[in-house]
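Comments concern the structure below.
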Amino acid sequence: AQSVTQLGSHVSVSEGALVLLRCNYSSSVPPYLFWYVQYPNQGLQLLLKYTTGATLVKGINGFEAEFKKSETSFHLTKPSAHMSDAAEYFCAVSVGGSQGNLIFGKGTKLSVKP
Amino acid sequence: DGGITQSPKYLFRKEGQNVTLSCEQNLNHDAMYWYRQDPGQGLRLIYYSQIVNDFQKGDIAEGYSVSREKKESFPLTVTSAQKNPTAFYLCASAGTGYNSPLHFGNGTRLTVT
């Protein structure tokens, strides 16, 4: 069965520092992987997705993620944090090729200190 | 602009009452979904519908009901049988194909006392 583990429910970085949010998945078939961002009291927005092809995926707002099959990981990174990056981030894996049938991780709340 | 509209933003009900959450989309998407979000729990799928007049239970359907009479609308009813209904509810839609991203509404926060 597919599952997603996000390491660290809270991550705090200084403005300008590297952002690294960790996601490991379990899937019996080649996975489709996604990162979403949620600002307070709002819905989720797609940051980026991996389906097939290039393993380094670039998304919006300067974020990128690398699919590493050998490590079953899909960590999200951004070279330099901005105050506006403070939000909750969710990693998700597709269970059937359909976007709606996603298994979500429990989320990582990112704080950015000035 | 196209999007998903959830209403109301905040909803308060007394225990034992049924309540219906609205979700409307003008993206012409076939598929629609309802998720429940609790702090530290991620998102859990309640119901989904891939075509009008058809829907399937998700992981936590007990105590909830839905209808899909129109492509644009997918209302969720939280019944009195739902033991712990206080939560943030998110509606989403998607077009056909795995490359079509999920579009989310801004959610309804339901508080039952």
Side-chain angles (χ1 to χ4, degrees), chain A residues 1-11 21-27 29-54 57 59-60 87-109, chain B residues 3-10 21 23 25 27 29-51 54-60 66 68 74 87-111:
Chain A
Q2 284 85 350
S3 66
V4 174
T5 302
Q6 290 184 241
L7 296 175
S9 57
H10 288 89
V11 170
L21 304 182
R22 299 178 188 273
C23 173
N24 288 89
Y25 69 90
S26 169
S27 176
V29 297
Y32 299 143
L33 296 159
F34 309 86
W35 275 101
Y36 285 85
V37 60
Q38 184 181 34
Y39 298 100
N41 292 315
Q42 292 188 23
L44 278 68
Q45 300 172 37
L46 180 68
L47 268 179
L48 49 81
K49 63 182 179 185
Y50 169 79
T51 53
T52 59
V57 181
I60 62 172
E88 191 157 20
Y89 293 81
F90 292 92
C91 183
V93 62
S94 173
V95 298
S98 165
Q99 275 267 352
N101 291 339
L102 295 179
I103 301 294
F104 284 88
K106 292 185 187 299
T108 297
K109 193 163 288 188
Chain B
I4 297 181
T5 301
Q6 290 188 242
S7 60
K9 180 71 174 174
Y10 299 95
L21 282 60
C23 178
Q25 55 103 355
L27 299 166
H29 285 166
D30 288 312
M32 297 187 74
Y33 308 85
W34 275 105
Y35 291 90
R36 171 180 170 137
Q37 185 177 21
D38 297 282
Q41 296 292 318
L43 277 71
R44 292 180 290 170
L45 184 63
I46 305 172
Y47 268 99
Y48 64 101
S49 167
Q50 294 183 317
I51 196 168
D54 189 44
F55 47 82
Q56 283 77 42
K57 293 181 179 179
D59 300 318
I60 56 164
V66 294
R68 187 86 186 276
F74 191 41
F88 191 51
Y89 291 88
L90 286 162
C91 179
S93 71
T96 55
Y98 63 83
N99 278 325
S100 178
L102 270 177
H103 293 256
F104 282 86
N106 281 329
T108 292
R109 189 168 297 280
L110 173 65
T111 303

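Quick note: numbers below take in every heavy atom, side chains included, and nothing from hydrogens, waters or symmetry partners. Per chain, numbering begins at 1; letters A, B, ... match sequence-line order.
Heavy atoms of A:Gln38 lying under 4.5 Å from chain B belong exclusively to its side chain. In this structure, chain A has heavy atoms under 4.5 Å from both the backbone and the side chain of B:Leu43. Looking at B:Arg44, there are no atoms closer than 4.5 Å to chain A (heavy atoms on both sides), in backbone or side chain. Interface remark: B:Tyr89 contributes no atoms to any contact with chain A (heavy atom separation under 4.5 Å).
Looking at heavy atoms from C-beta onward, A:Tyr36 lies in side-chain contact with B:Leu102 at the 4.5 angstrom threshold. Side-chain contact between B:Gln37 and A:Phe90 is present, with at least one heavy-atom pair separated by less than 4.5 Å.
Contact count against chain A (heavy-atom pairs under 4.5 Å) is highest for B:Gly40 among B:Gly40, B:Gly107, B:Gly105. Heavy-atom pairs under 4.5 Å with chain A were tallied for B:His103, B:Met32, B:Lys9; the largest tally goes to B:Lys9.
Going from atom OH of B:Tyr48 over to atom CG of A:Leu102 covers 11.5 Å, rounded to the nearest 0.5 Å.
In this structure, B:Leu90 and A:Gln42 approach most closely via the heavy-atom pair CD2-O, 4.4 Å.
Taking the ring pair (Phe, Tyr, Trp, His ring centres under 6.0 Å) definition, one finds that B:Phe88 meets it with nothing, sequence neighbours left out.
Around the CD1 atom of B:Ile51, the shell of radius 6.0 Å holds no more than 12 heavy atoms that belong to other residues, nucleotides or ligands.
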